[in-house]
Undergrad: 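Before I ask anything, let me first share the structure, which is written out below as structure tokens.
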Amino acid sequence: MSFTVNLYYTGTNGSARAFANEMINQGIVKKIQAEPGNLKYDYFIPLEDPETILLIDSWANQAALDKHHASEMMVQIASLREKYDLHMRVERYTDDHSSTDDQFLRR
């Protein structure tokens, strides 16, 4: 079953945005997006909180995420989190494939 993890990285003085930019510029994001089982790995800025970056991170299954967590990239990511002194909040959602939302979408 696929799932999505929303990670909110919060810092001060633009550190969360600097973290996301460094993740992108170092090519870490592209590497994660290319990992087997990764469905989405994208950063967003909440309009109401410019000191927070939202990462929407979706995986095909837990095994794919576990493999990612065991990779060398996690050492790099942890180091960057420390560098920018970020605090995190996490939300996890599973896809139950039972949505009837299509009736409300304009395409």
Side-chain angles (χ1 to χ4, degrees):
M1 175 183 299
S2 65
F3 61 91
T4 298
V5 180
N6 290 350
L7 292 129
Y8 296 86
Y9 293 102
T10 302
T12 57
N13 300 316
S15 62
R17 187 178 285 199
F19 163 79
N21 285 332
E22 192 161 346
M23 288 282 294
I24 293 165
N25 294 336
Q26 284 191 20
I28 298 170
V29 169
K30 289 285 184 202
K31 288 178 186 175
I32 294 168
Q33 291 169 334
E35 286 184 285
N38 183 264
L39 305 174
K40 182 179 190 69
Y41 194 95
D42 294 311
Y43 291 105
F44 298 90
I45 302 167
L47 293 175
E48 71 281 357
D49 185 0
E51 292 298 338
T52 294
I53 293 289
L54 166 61
L55 168 62
I56 299 179
D57 187 17
S58 297
W59 294 88
N61 53 54
Q62 185 63 48
L65 179 58
D66 291 344
K67 188 171 182 179
H68 166 67
H69 282 159
S71 74
E72 285 296 316
M73 278 184 280
M74 285 307 298
V75 174
Q76 292 175 285
I77 295 168
S79 176
L80 288 176
R81 288 177 187 157
E82 284 295 314
K83 175 182 177 180
Y84 291 105
D85 191 27
L86 298 178
H87 300 274
M88 298 168 59
R89 180 170 54 91
V90 177
E91 300 168 342
R92 184 176 174 128
Y93 304 94
T94 57
D95 186 356
D96 65 5
H97 303 288
S98 66
S99 175
T100 58
D101 294 335
D102 281 349
Q103 65 182 324
F104 301 105
L105 300 179
R106 182 174 184 222
R107 301 206 189 255

Undergrad: Hydrophobic clustering (ILVMFWY, side-chain heavy atoms < 4.5 Å, transitive) - are W59 and L39 grouped together?
TA: no
Undergrad: When hydrophobic residues are tied together by side-chain contacts of less than 4.5 Å, even through go-betweens, does L65 share a cluster with Y93?
TA: no
Undergrad: Treating Ile, Leu, Val, Met, Phe, Trp and Tyr as nodes and any side-chain heavy-atom pair under 4.5 angstrom as an edge, say whether V29 and V75 lie in one connected cluster.
TA: no
Undergrad: Please report the interatomic distance OG1(T12) to CG(L86), rounded to the nearest 0.5 Å.
TA: 9.0 Å
Undergrad: Considering only heavy atoms from C-beta outward, does the side chain of I32 approach that of M73 to under 4.5 Å?
TA: yes
Undergrad: In this structure, would V5 and M1 fall into the same cluster of hydrophobic residues linked by side-chain contacts under 4.5 Å?
TA: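 Per the 4.5 Å side-chain linkage, V5 and M1 are not co-clustered.
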Undergrad: Going by atom type alone, with no hydrogens or angles, which donor-acceptor pairs under 3.5 Å involve a side-chain atom of residues 19-28 and a protein atom two or more places apart or on another chain?
TA:
residue: N21; atom: ND2; partner: R17; partner atom: O; Å: 3.3
residue: E22; atom: OE1; partner: K83; partner atom: NZ; Å: 2.9
residue: E22; atom: OE1; partner: Y84; partner atom: OH; Å: 2.4
residue: E22; atom: OE2; partner: Q26; partner atom: NE2; Å: 2.7
residue: E22; atom: OE2; partner: K83; partner atom: NZ; Å: 3.3
residue: N25; atom: ND2; partner: N21; partner atom: O; Å: 3.1

Undergrad: About how many Å separate OG of S71 and CG of D66, when rounded to the nearest 0.5 Å?
TA: 11.5 Å
Undergrad: Kindly compute the distance separating CD1 (I53) from OG (S15), expressed to the nearest 0.5 Å.
TA: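 Reported to 0.5 Å precision, the distance equals 9.5 Å.
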Undergrad: Answer yes or no: does atom CD of E91 have more than 12 heavy-atom neighbours from other residues, nucleotides or ligands under 6.0 Å?
TA: yes
Undergrad: Give a yes or no on whether the backbone of K40 and the side-chain of Q33 come within a donor-acceptor separation of less than 3.5 Å.
TA: no
Undergrad: For the residue pair A64 and P36, what are the closest heavy atoms and their distance?
TA: CB-O, 3.7 Å
Undergrad: For F3, is the NZ or CZ atom of R92 found under 6.0 angstrom from the centre of its six-membered ring and inside 45 degrees of the ring axis?
TA: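 Here R92 passes the 6.0 Å and 45° test against F3.
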Undergrad: Quick one: name the residues clustered hydrophobically with L54, using the 4.5 Å side-chain heavy-atom rule over I, L, V, M, F, W, Y, and just say none if it's on its own.
TA: Y8, F44, I56
Undergrad: Please report the interatomic distance CE(M88) to OG1(T52), rounded to the nearest 0.5 Å.
TA: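 Taking CE in M88 and OG1 in T52, the distance rounds to 12.0 Å.
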Undergrad: Any idea which heavy atoms bring M74 and H69 closest together, and the distance?
TA: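 Taking every non-hydrogen atom into account, CG-O, 3.3 Å.
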Undergrad: Can you name the nearest heavy-atom pair linking A16 to G11, along with the distance?
TA: CB-N, 4.2 Å
